[in-house]
Amino acid sequence: MFTIGKASEQSGLNVETIRYYEREGIVPKPGRSSGGRRLYSTDEIARLRFVGRCRDLGFPIYIIRTFLSFAAEDARSCGEVKNLAENHLADIDAKIANLLRLRDALQSLSQNCEDGSVACPMLEALMKDGFGETAQR
């Protein structure tokens, strides 16, 4: 059995993150020592690592819960996991496309700026009504 500090080291998660996952029911609350300290088994630490890896990939908590429920079942559905991952990938692609539009808009605006100029074309463009059609909000 391991204390929360050791569980943090072994899982790669911050102590407060582990406590958050416990409060949210993503991982079960561990047993306690006679002194009231949290004690984690190797299986619980493995589950924390799993959650951490999912978060590193940007999966939202509700998907991680679904993954954990699939992992607990004997008949796991790889097709369902694949669909969830592909949907997440589509969301990431949409975010990347939006960031690229934002980058292009900002790059275009900043190229119009001249040091020492009294009127700043970038600020003028930002103040215009209708600016931002190329960059979704």
Side-chain angles (χ1 to χ4, degrees):
M1 298 303 274
F2 302 91
T3 63
I4 195 167
K6 290 292 183 192
S8 172
E9 287 174 19
Q10 291 186 17
S11 67
L13 299 176
N14 182 292
V15 168
E16 287 305 314
T17 302
I18 294 172
R19 289 181 180 141
Y20 168 75
Y21 291 156
E22 290 170 11
R23 280 191 308 273
E24 294 299 312
I26 299 158
V27 295
K29 294 185 183 201
R32 301 256 180 179
S33 70
S34 59
R37 297 180 73 182
R38 290 172 167 91
L39 294 175
Y40 297 83
S41 68
T42 54
D43 287 344
E44 289 167 325
I45 293 171
R47 185 178 176 114
L48 288 169
R49 273 195 299 270
F50 174 85
V51 172
R53 287 183 195 122
C54 289
R55 292 299 289 159
D56 287 346
L57 291 170
F59 282 106
I61 297 298
Y62 76 94
I63 298 285
I64 297 171
R65 285 181 207 263
T66 303
F67 285 167
L68 287 167
S69 72
F70 289 161
E73 297 173 3
D74 287 334
R76 300 177 196 171
S77 175
C78 191
E80 291 177 79
V81 171
K82 181 181 178 185
N83 285 337
L84 290 168
E86 287 177 346
N87 288 339
H88 182 56
L89 186 58
D91 290 344
I92 290 170
D93 287 340
K95 288 175 185 176
I96 289 170
N98 190 45
L99 285 171
L100 288 171
R101 281 191 296 275
L102 290 171
R103 180 181 164 269
D104 290 346
L106 186 56
Q107 205 169 35
S108 174
L109 286 170
S110 68
Q111 287 174 352
N112 293 324
C113 290
E114 294 180 27
D115 274 344
S117 178
V118 175
C120 179
M122 182 174 172
L123 291 176
E124 288 176 10
L126 289 171
M127 291 201 182
K128 284 184 183 176
D129 288 337
F131 175 76
E133 266 54 55
T134 60
Q136 296 176 355
R137 295 184 179 140

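These numbers come from the heavy atoms of this one structure, side chains and all, not from hydrogens, waters or symmetry mates. On a predicted model such as this, the values are computed, not experimentally measured, just so you know.
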In Å, rounded to the nearest 0.5 Å, how long is the span from CZ of R53 to CG of L48? 11.0 Å
If you round to the nearest 0.5 Å, how far is CD of E86 from CD1 of I92? 12.5 Å
Could you check whether R19 pairs with E22 (Lys NZ or Arg NE/NH1/NH2 to Asp/Glu carboxylate O, under 4.0 Å)? no
Answer yes if I18 and F50 sit in the same cluster of Ile, Leu, Val, Met, Phe, Trp and Tyr residues linked by side chain heavy atoms under 4.5 Å apart, and no otherwise. yes
dist E80:CD -> F67:CZ (nearest 0.5 Å) comes out at 10.5 Å
What's the shortest heavy-atom distance between G52 and L13, and which atoms? CA-CD2, 3.8 Å
Contact summary for F2 and A7, nearest pair of heavy atoms: CB-N, 4.5 Å
Taking side chain as C-beta onward, heavy atoms only, is F59 less than 4.5 Å from H88? yes
Group every Ile, Leu, Val, Met, Phe, Trp and Tyr by side-chain heavy-atom contacts under 4.5 Å, then state whether L39 and V15 land in the same group. no
What distance separates R101 CZ from L106 CG, expressed to the nearest 0.5 Å? 15.0 Å
Hey, could you give me the CZ/CD1 distance between R47 and I64, rounded to the nearest 0.5 Å? 11.0 Å
Inter-residue atom distance Q10.CD - E44.CD, 0.5 Å rounding: 12.0 Å
Under 3.5 Å: donor-acceptor pair, side chain of S69, backbone of T66: yes
4.5 Å side-chain heavy-atom contact, F70 and L84: yes
Assigning hydrophobic clusters by single linkage (Ile, Leu, Val, Met, Phe, Trp, Tyr; side-chain heavy-atom cutoff under 4.5 Å), is I4 placed with M1? no
Are R32 and R38 packed together at the side-chain level, in the sense that at least one heavy-atom pair is separated by less than 4.5 angstrom? yes
For the hydrophobic clusters of this structure (ILVMFWY residues joined by side-chain heavy atoms under 4.5 Å, transitively), does one cluster hold both Y62 and I26? yes
Test of understanding: clusters of I, L, V, M, F, W, Y form through side-chain heavy atoms closer than 4.5 Å, transitively. Do L57 and V27 belong to the same one? yes
